[in-house]
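Scroll down for the structure; my scribbles are underneath it.
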Amino acid sequence: MSAEFPVARPRRLRRTASLRRMVAGTRLHPAELILPVFVKEGITEPQPVGSMPGVVQHTRDSLRKAAHEAAEAGVGGIILFGVPAVKDARGSGADDPGGVIQKALGDVLAEVGDAMTVMTDTCLDEFTDHGHCGVLTADGDVDNDATLERYASAAVSQARAGSQVIAPSGMMDGQVGAIRAALDADGFAHLPILAYSVKYASAFYGPFREAAECAPQFGNRDTYQQDPAGPVGEALREVRLDLAEGADAVMVKPALAYLDIIRQVRDTVDVPVAAYQVSGEYAMIEAAAANGWIDRDRAIMESLVAIRRAGADLILTYWATEVARKL
Ligand code: PBG
(Lines give C-alpha, C1' and ligand atoms only; values in the text may rest on other atoms or scores of the structure.)
Protein backbone atom coordinates (compact mmCIF):
# COMPACT_ATOMS: atom_id res chain seq x y z
CA MET A 1 0.00 0.00 0.00
CA SER A 2 1.41 3.30 -0.99
CA ALA A 3 1.31 5.96 1.69
CA GLU A 4 1.62 8.66 -0.92
CA PHE A 5 -1.99 8.63 -2.11
CA PRO A 6 -5.15 8.94 0.00
CA VAL A 7 -7.52 6.01 0.38
CA ALA A 8 -10.50 8.07 1.48
CA ARG A 9 -11.58 10.21 -1.42
CA PRO A 10 -14.59 12.43 -0.66
CA ARG A 11 -14.44 13.58 -4.27
CA ARG A 12 -15.85 10.17 -5.37
CA LEU A 13 -19.32 11.27 -4.30
CA ARG A 14 -19.02 14.58 -6.15
CA ARG A 15 -18.14 13.19 -9.56
CA THR A 16 -21.47 13.50 -11.36
CA ALA A 17 -24.57 15.62 -11.04
CA SER A 18 -26.71 12.56 -10.39
CA LEU A 19 -24.42 11.39 -7.57
CA ARG A 20 -24.43 14.84 -5.99
CA ARG A 21 -28.20 14.97 -6.26
CA MET A 22 -28.58 11.55 -4.68
CA VAL A 23 -26.38 12.28 -1.67
CA ALA A 24 -27.59 15.83 -1.06
CA GLY A 25 -28.31 16.26 2.65
CA THR A 26 -30.26 19.51 2.36
CA ARG A 27 -33.31 19.75 0.16
CA LEU A 28 -35.79 22.54 -0.34
CA HIS A 29 -39.46 21.96 -1.02
CA PRO A 30 -42.00 24.53 -2.30
CA ALA A 31 -44.40 23.72 0.54
CA GLU A 32 -41.98 25.06 3.14
CA LEU A 33 -41.69 28.44 1.41
CA ILE A 34 -43.83 31.41 2.42
CA LEU A 35 -44.25 34.47 0.20
CA PRO A 36 -44.47 37.90 1.89
CA VAL A 37 -46.58 40.39 -0.10
CA PHE A 38 -47.47 44.07 0.21
CA VAL A 39 -50.91 45.37 -0.68
CA LYS A 40 -51.59 49.08 -0.75
CA GLU A 41 -54.94 50.76 -0.36
CA GLY A 42 -56.19 53.12 -3.04
CA ILE A 43 -53.72 52.50 -5.88
CA THR A 44 -54.76 51.46 -9.38
CA GLU A 45 -51.40 50.17 -10.66
CA PRO A 46 -48.82 48.04 -8.83
CA GLN A 47 -46.01 50.27 -7.52
CA PRO A 48 -42.45 48.98 -7.88
CA VAL A 49 -40.37 49.08 -4.70
CA GLY A 50 -37.11 50.78 -5.71
CA SER A 51 -34.89 49.02 -3.20
CA MET A 52 -36.41 45.60 -3.95
CA PRO A 53 -36.22 45.05 -7.72
CA GLY A 54 -38.98 42.62 -8.72
CA VAL A 55 -41.15 43.37 -5.66
CA VAL A 56 -44.18 45.64 -5.86
CA GLN A 57 -46.83 47.17 -3.67
CA HIS A 58 -49.85 45.33 -5.01
CA THR A 59 -53.28 46.51 -5.97
CA ARG A 60 -56.06 44.15 -4.90
CA ASP A 61 -56.10 42.75 -8.43
CA SER A 62 -52.37 42.27 -8.84
CA LEU A 63 -52.27 40.63 -5.42
CA ARG A 64 -54.85 38.07 -6.52
CA LYS A 65 -52.68 37.29 -9.53
CA ALA A 66 -49.51 36.96 -7.43
CA ALA A 67 -51.32 34.69 -4.98
CA HIS A 68 -52.59 32.55 -7.83
CA GLU A 69 -49.10 32.19 -9.28
CA ALA A 70 -47.60 31.30 -5.92
CA ALA A 71 -50.25 28.64 -5.29
CA GLU A 72 -49.74 27.23 -8.77
CA ALA A 73 -46.00 26.96 -8.10
CA GLY A 74 -46.76 24.97 -4.93
CA VAL A 75 -45.68 27.65 -2.45
CA GLY A 76 -46.85 26.65 1.03
CA GLY A 77 -48.04 29.98 2.36
CA ILE A 78 -48.50 33.67 1.75
CA ILE A 79 -48.22 36.40 4.39
CA LEU A 80 -49.97 39.71 3.86
CA PHE A 81 -48.67 43.16 4.80
CA GLY A 82 -51.10 46.01 4.34
CA VAL A 83 -50.27 49.64 3.56
CA PRO A 84 -53.29 51.83 4.43
CA ALA A 85 -54.15 55.09 2.67
CA VAL A 86 -54.50 56.90 5.99
CA LYS A 87 -52.42 56.48 9.15
CA ASP A 88 -52.90 57.78 12.67
CA ALA A 89 -51.25 57.56 16.08
CA ARG A 90 -53.09 54.42 17.22
CA GLY A 91 -52.93 52.56 13.90
CA SER A 92 -56.70 52.50 13.43
CA GLY A 93 -56.39 50.77 10.06
CA ALA A 94 -55.04 47.63 11.69
CA ASP A 95 -58.39 46.54 13.12
CA ASP A 96 -60.72 48.24 10.65
CA PRO A 97 -63.13 45.57 9.35
CA GLY A 98 -63.00 47.37 5.99
CA GLY A 99 -59.22 47.85 6.16
CA VAL A 100 -56.70 47.03 3.46
CA ILE A 101 -55.60 43.73 5.03
CA GLN A 102 -59.14 42.59 5.75
CA LYS A 103 -60.24 43.20 2.15
CA ALA A 104 -57.10 41.63 0.71
CA LEU A 105 -57.68 38.53 2.85
CA GLY A 106 -61.07 38.01 1.26
CA ASP A 107 -59.58 38.38 -2.21
CA VAL A 108 -56.69 35.99 -1.64
CA LEU A 109 -58.84 33.37 0.09
CA ALA A 110 -61.28 33.43 -2.81
CA GLU A 111 -58.39 33.06 -5.24
CA VAL A 112 -56.38 30.24 -3.69
CA GLY A 113 -58.92 28.24 -1.69
CA ASP A 114 -57.13 25.50 0.20
CA ALA A 115 -54.09 25.45 -2.10
CA MET A 116 -52.01 27.67 0.16
CA THR A 117 -52.09 28.87 3.77
CA VAL A 118 -53.07 32.53 3.99
CA MET A 119 -51.42 34.30 6.89
CA THR A 120 -51.28 37.85 8.24
CA ASP A 121 -48.54 39.84 9.89
CA THR A 122 -49.97 41.42 13.01
CA CYS A 123 -48.30 44.70 13.92
CA LEU A 124 -49.03 48.42 13.98
CA ASP A 125 -46.07 50.03 12.21
CA GLU A 126 -47.68 50.03 8.76
CA PHE A 127 -50.72 51.73 10.28
CA THR A 128 -49.23 54.35 12.62
CA ASP A 129 -48.30 57.83 11.43
CA HIS A 130 -45.16 57.75 13.63
CA GLY A 131 -44.06 54.40 12.19
CA HIS A 132 -43.51 52.62 15.51
CA CYS A 133 -44.81 49.13 16.15
CA GLY A 134 -47.00 50.25 19.03
CA VAL A 135 -48.87 53.16 20.55
CA LEU A 136 -46.84 55.83 22.31
CA THR A 137 -46.81 57.29 25.80
CA ALA A 138 -46.82 61.07 26.23
CA ASP A 139 -43.01 60.87 26.36
CA GLY A 140 -42.79 59.10 23.02
CA ASP A 141 -41.95 55.67 24.41
CA VAL A 142 -43.68 52.64 22.96
CA ASP A 143 -46.29 51.68 25.54
CA ASN A 144 -46.07 47.90 25.86
CA ASP A 145 -49.36 47.07 27.56
CA ALA A 146 -51.51 49.59 25.71
CA THR A 147 -50.09 48.15 22.50
CA LEU A 148 -51.12 44.61 23.50
CA GLU A 149 -54.76 45.69 23.42
CA ARG A 150 -54.30 47.02 19.89
CA TYR A 151 -52.58 43.82 18.76
CA ALA A 152 -55.35 41.70 20.25
CA SER A 153 -57.96 43.71 18.42
CA ALA A 154 -56.01 43.61 15.13
CA ALA A 155 -55.55 39.83 15.40
CA VAL A 156 -59.26 39.25 16.03
CA SER A 157 -60.12 41.50 13.11
CA GLN A 158 -57.76 39.51 10.84
CA ALA A 159 -59.23 36.25 12.12
CA ARG A 160 -62.77 37.43 11.37
CA ALA A 161 -61.62 38.37 7.87
CA GLY A 162 -60.37 34.82 7.34
CA SER A 163 -56.68 34.80 8.24
CA GLN A 164 -55.49 31.23 8.72
CA VAL A 165 -52.35 32.00 10.75
CA ILE A 166 -51.72 35.05 12.94
CA ALA A 167 -48.10 36.19 12.95
CA PRO A 168 -47.36 38.89 15.55
CA SER A 169 -44.13 40.75 14.70
CA GLY A 170 -44.00 43.73 17.03
CA MET A 171 -41.80 42.31 19.83
CA MET A 172 -43.96 43.59 22.69
CA ASP A 173 -43.65 41.52 25.86
CA GLY A 174 -46.69 39.31 26.31
CA GLN A 175 -48.01 39.77 22.76
CA VAL A 176 -48.57 36.08 22.09
CA GLY A 177 -50.51 35.58 25.33
CA ALA A 178 -52.65 38.65 24.74
CA ILE A 179 -53.48 37.61 21.17
CA ARG A 180 -54.12 33.98 22.16
CA ALA A 181 -56.59 35.05 24.85
CA ALA A 182 -58.40 37.42 22.50
CA LEU A 183 -58.64 34.84 19.71
CA ASP A 184 -59.92 32.18 22.10
CA ALA A 185 -62.55 34.55 23.51
CA ASP A 186 -63.78 35.38 20.00
CA GLY A 187 -64.23 31.78 18.87
CA PHE A 188 -60.84 31.32 17.20
CA ALA A 189 -59.24 28.81 19.55
CA HIS A 190 -58.37 26.73 16.49
CA LEU A 191 -56.30 29.44 14.80
CA PRO A 192 -52.51 28.98 15.03
CA ILE A 193 -50.03 31.69 16.02
CA LEU A 194 -46.67 31.87 14.27
CA ALA A 195 -44.70 34.09 16.62
CA TYR A 196 -41.90 36.32 15.45
CA SER A 197 -40.16 35.28 18.67
CA VAL A 198 -36.59 36.20 17.86
CA LYS A 199 -36.48 39.46 15.95
CA TYR A 200 -33.38 41.58 15.90
CA ALA A 201 -33.16 45.36 15.45
CA SER A 202 -31.61 44.91 12.04
CA ALA A 203 -30.24 47.16 9.32
CA PHE A 204 -31.45 44.50 6.90
CA TYR A 205 -35.07 45.71 7.22
CA GLY A 206 -34.27 48.93 5.33
CA PRO A 207 -35.94 48.08 2.00
CA PHE A 208 -39.05 46.67 3.76
CA ARG A 209 -39.65 50.05 5.31
CA GLU A 210 -39.87 51.53 1.84
CA ALA A 211 -42.19 48.72 0.71
CA ALA A 212 -44.46 48.96 3.76
CA GLU A 213 -43.99 52.71 4.24
CA CYS A 214 -43.29 52.14 7.91
CA ALA A 215 -39.92 53.73 8.75
CA PRO A 216 -40.03 55.17 12.28
CA GLN A 217 -40.46 58.95 12.04
CA PHE A 218 -38.24 59.45 15.09
CA GLY A 219 -35.85 57.20 17.00
CA ASN A 220 -35.52 53.53 16.15
CA ARG A 221 -36.79 50.12 17.27
CA ASP A 222 -33.92 49.37 19.67
CA THR A 223 -36.11 49.36 22.80
CA TYR A 224 -38.34 46.54 21.53
CA GLN A 225 -36.40 44.53 18.94
CA GLN A 226 -33.39 42.51 20.10
CA ASP A 227 -29.83 43.80 20.08
CA PRO A 228 -27.77 41.82 17.53
CA ALA A 229 -25.06 41.67 20.21
CA GLY A 230 -27.59 41.03 23.01
CA PRO A 231 -27.27 38.75 26.05
CA VAL A 232 -26.36 35.10 25.46
CA GLY A 233 -29.54 33.09 25.94
CA GLU A 234 -31.88 35.94 25.05
CA ALA A 235 -33.12 34.28 21.87
CA LEU A 236 -34.06 31.09 23.70
CA ARG A 237 -35.68 33.10 26.47
CA GLU A 238 -37.92 34.86 23.96
CA VAL A 239 -38.80 31.53 22.34
CA ARG A 240 -39.64 29.86 25.66
CA LEU A 241 -41.86 32.76 26.70
CA ASP A 242 -43.75 32.67 23.42
CA LEU A 243 -44.28 28.92 23.67
CA ALA A 244 -45.50 29.29 27.24
CA GLU A 245 -47.96 31.93 26.00
CA GLY A 246 -49.32 29.56 23.37
CA ALA A 247 -47.26 30.05 20.20
CA ASP A 248 -47.70 27.15 17.76
CA ALA A 249 -44.60 27.91 15.69
CA VAL A 250 -41.73 30.35 16.14
CA MET A 251 -39.66 32.55 13.85
CA VAL A 252 -36.13 33.85 13.73
CA LYS A 253 -35.51 37.05 11.77
CA PRO A 254 -33.40 38.03 9.85
CA ALA A 255 -32.03 34.72 8.56
CA LEU A 256 -28.57 34.87 7.00
CA ALA A 257 -26.84 36.85 9.76
CA TYR A 258 -28.48 34.66 12.42
CA LEU A 259 -27.93 31.09 11.22
CA ASP A 260 -26.43 30.19 14.60
CA ILE A 261 -29.62 31.34 16.31
CA ILE A 262 -31.81 29.33 13.93
CA ARG A 263 -29.76 26.24 14.79
CA GLN A 264 -30.01 26.89 18.54
CA VAL A 265 -33.76 27.33 18.36
CA ARG A 266 -34.25 24.26 16.15
CA ASP A 267 -32.25 22.14 18.62
CA THR A 268 -34.26 23.42 21.57
CA VAL A 269 -37.94 23.44 20.63
CA ASP A 270 -40.41 20.87 19.33
CA VAL A 271 -42.53 23.18 17.18
CA PRO A 272 -41.88 24.29 13.59
CA VAL A 273 -39.17 26.93 13.24
CA ALA A 274 -39.49 29.57 10.53
CA ALA A 275 -36.76 31.92 9.32
CA TYR A 276 -37.38 35.19 7.49
CA GLN A 277 -35.00 36.01 4.66
CA VAL A 278 -35.66 39.74 4.95
CA SER A 279 -35.76 42.60 2.49
CA GLY A 280 -32.11 43.58 2.90
CA GLU A 281 -30.98 40.02 2.22
CA TYR A 282 -33.04 40.10 -0.95
CA ALA A 283 -31.78 43.55 -1.96
CA MET A 284 -28.11 42.67 -1.48
CA ILE A 285 -28.27 39.73 -3.85
CA GLU A 286 -30.41 41.54 -6.42
CA ALA A 287 -28.14 44.60 -6.37
CA ALA A 288 -24.91 42.64 -6.68
CA ALA A 289 -26.39 40.50 -9.44
CA ALA A 290 -27.63 43.58 -11.33
CA ASN A 291 -24.04 44.81 -11.31
CA GLY A 292 -22.83 41.49 -12.68
CA TRP A 293 -20.87 40.84 -9.48
CA ILE A 294 -22.45 37.53 -8.50
CA ASP A 295 -24.45 34.77 -10.16
CA ARG A 296 -27.99 35.68 -9.06
CA ASP A 297 -29.64 32.27 -9.31
CA ARG A 298 -26.83 30.42 -7.57
CA ALA A 299 -26.62 33.03 -4.81
CA ILE A 300 -30.37 32.75 -4.17
CA MET A 301 -30.26 28.97 -3.92
CA GLU A 302 -27.10 28.96 -1.82
CA SER A 303 -28.61 31.40 0.69
CA LEU A 304 -31.83 29.37 0.96
CA VAL A 305 -29.94 26.09 1.35
CA ALA A 306 -27.90 27.70 4.15
CA ILE A 307 -31.05 28.74 5.99
CA ARG A 308 -32.55 25.27 5.56
CA ARG A 309 -29.31 23.59 6.67
CA ALA A 310 -29.24 25.79 9.79
CA GLY A 311 -32.53 24.14 10.76
CA ALA A 312 -35.39 26.27 9.44
CA ASP A 313 -38.49 24.19 8.66
CA LEU A 314 -40.19 27.14 6.97
CA ILE A 315 -38.59 30.00 5.05
CA LEU A 316 -40.21 33.34 4.32
CA THR A 317 -38.65 34.67 1.13
CA TYR A 318 -39.57 37.22 -1.52
CA TRP A 319 -38.27 34.71 -4.09
CA ALA A 320 -40.75 32.00 -2.98
CA THR A 321 -42.67 31.73 -6.27
CA GLU A 322 -39.60 31.88 -8.50
CA VAL A 323 -37.71 29.32 -6.43
CA ALA A 324 -40.71 27.00 -6.04
CA ARG A 325 -40.98 26.79 -9.84
CA LYS A 326 -37.41 25.57 -10.04
CA LEU A 327 -37.57 22.88 -7.36
C1 PBG B 1 -42.80 44.88 11.37
C2 PBG B 1 -42.05 44.07 10.36
C3 PBG B 1 -40.85 44.42 9.74
C4 PBG B 1 -40.52 43.37 8.88
C5 PBG B 1 -41.52 42.43 8.99
N6 PBG B 1 -42.46 42.86 9.93
C7 PBG B 1 -40.09 45.67 9.77
C8 PBG B 1 -39.50 46.19 11.00
O9 PBG B 1 -39.44 45.54 12.04
O10 PBG B 1 -39.07 47.34 10.92
C11 PBG B 1 -39.28 43.33 8.03
C12 PBG B 1 -39.28 42.37 6.90
C13 PBG B 1 -38.23 42.58 5.90
O14 PBG B 1 -37.28 43.39 6.08
O15 PBG B 1 -38.32 41.93 4.85
N16 PBG B 1 -44.18 44.89 11.12
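Read the numbers this way: they start at 1 and go in the same order the structure lists the ligands and their atoms. In this text, all values refer to a predicted model and were calculated from it rather than measured experimentally.
- Note on residues 230-240: no pairs pass salt bridge (charged side-chain N to carboxylate O under 4.0 Å, His left out), not counting sequence neighbours.
- With respect to the salt-bridge test (charged N to carboxylate O, under 4.0 angstrom), the residues Asp96 and Lys103 do not qualify.
- For the residue pair Ser51 and Glu210, a side-chain donor N or O sits within less than 3.5 Å of a side-chain acceptor on the partner.
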Which atom pairs, nitrogen or oxygen on both sides, join ligand 1 and the protein at under 3.5 angstrom?
residue  : atom   : partner : partner atom : Å
ligand 1 : 6 (N)  : Lys253  : NZ           : 3.1
ligand 1 : 9 (O)  : Lys199  : NZ           : 2.8
ligand 1 : 9 (O)  : Gln225  : NE2          : 2.7
ligand 1 : 10 (O) : Arg209  : NE           : 2.8
ligand 1 : 10 (O) : Arg209  : NH2          : 2.7
ligand 1 : 10 (O) : Arg221  : NE           : 2.8
ligand 1 : 10 (O) : Arg221  : NH2          : 3.3
ligand 1 : 14 (O) : Ser279  : N            : 3.3
ligand 1 : 14 (O) : Ser279  : OG           : 2.7
ligand 1 : 15 (O) : Ser279  : N            : 2.7
ligand 1 : 15 (O) : Tyr318  : OH           : 2.6
ligand 1 : 16 (N) : Asp125  : OD1          : 2.8
ligand 1 : 16 (N) : Asp125  : OD2          : 3.3
ligand 1 : 16 (N) : Ser169  : OG           : 3.2

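- The aromatic rings of Tyr276 and Tyr318 sit tilted, their planes meeting at an angle between 30° and 60°.
- Remark: Lys199 engages no residue in a side chain to side chain donor-acceptor pair (under 3.5 Å) (not counting sequence neighbours).
- Residue pairs that meet the side chain to side chain donor-acceptor pair (under 3.5 Å) test with at least one member in residues 163-177, sequence neighbours left out, are Thr120-Ser163, Asp121-Ser169.
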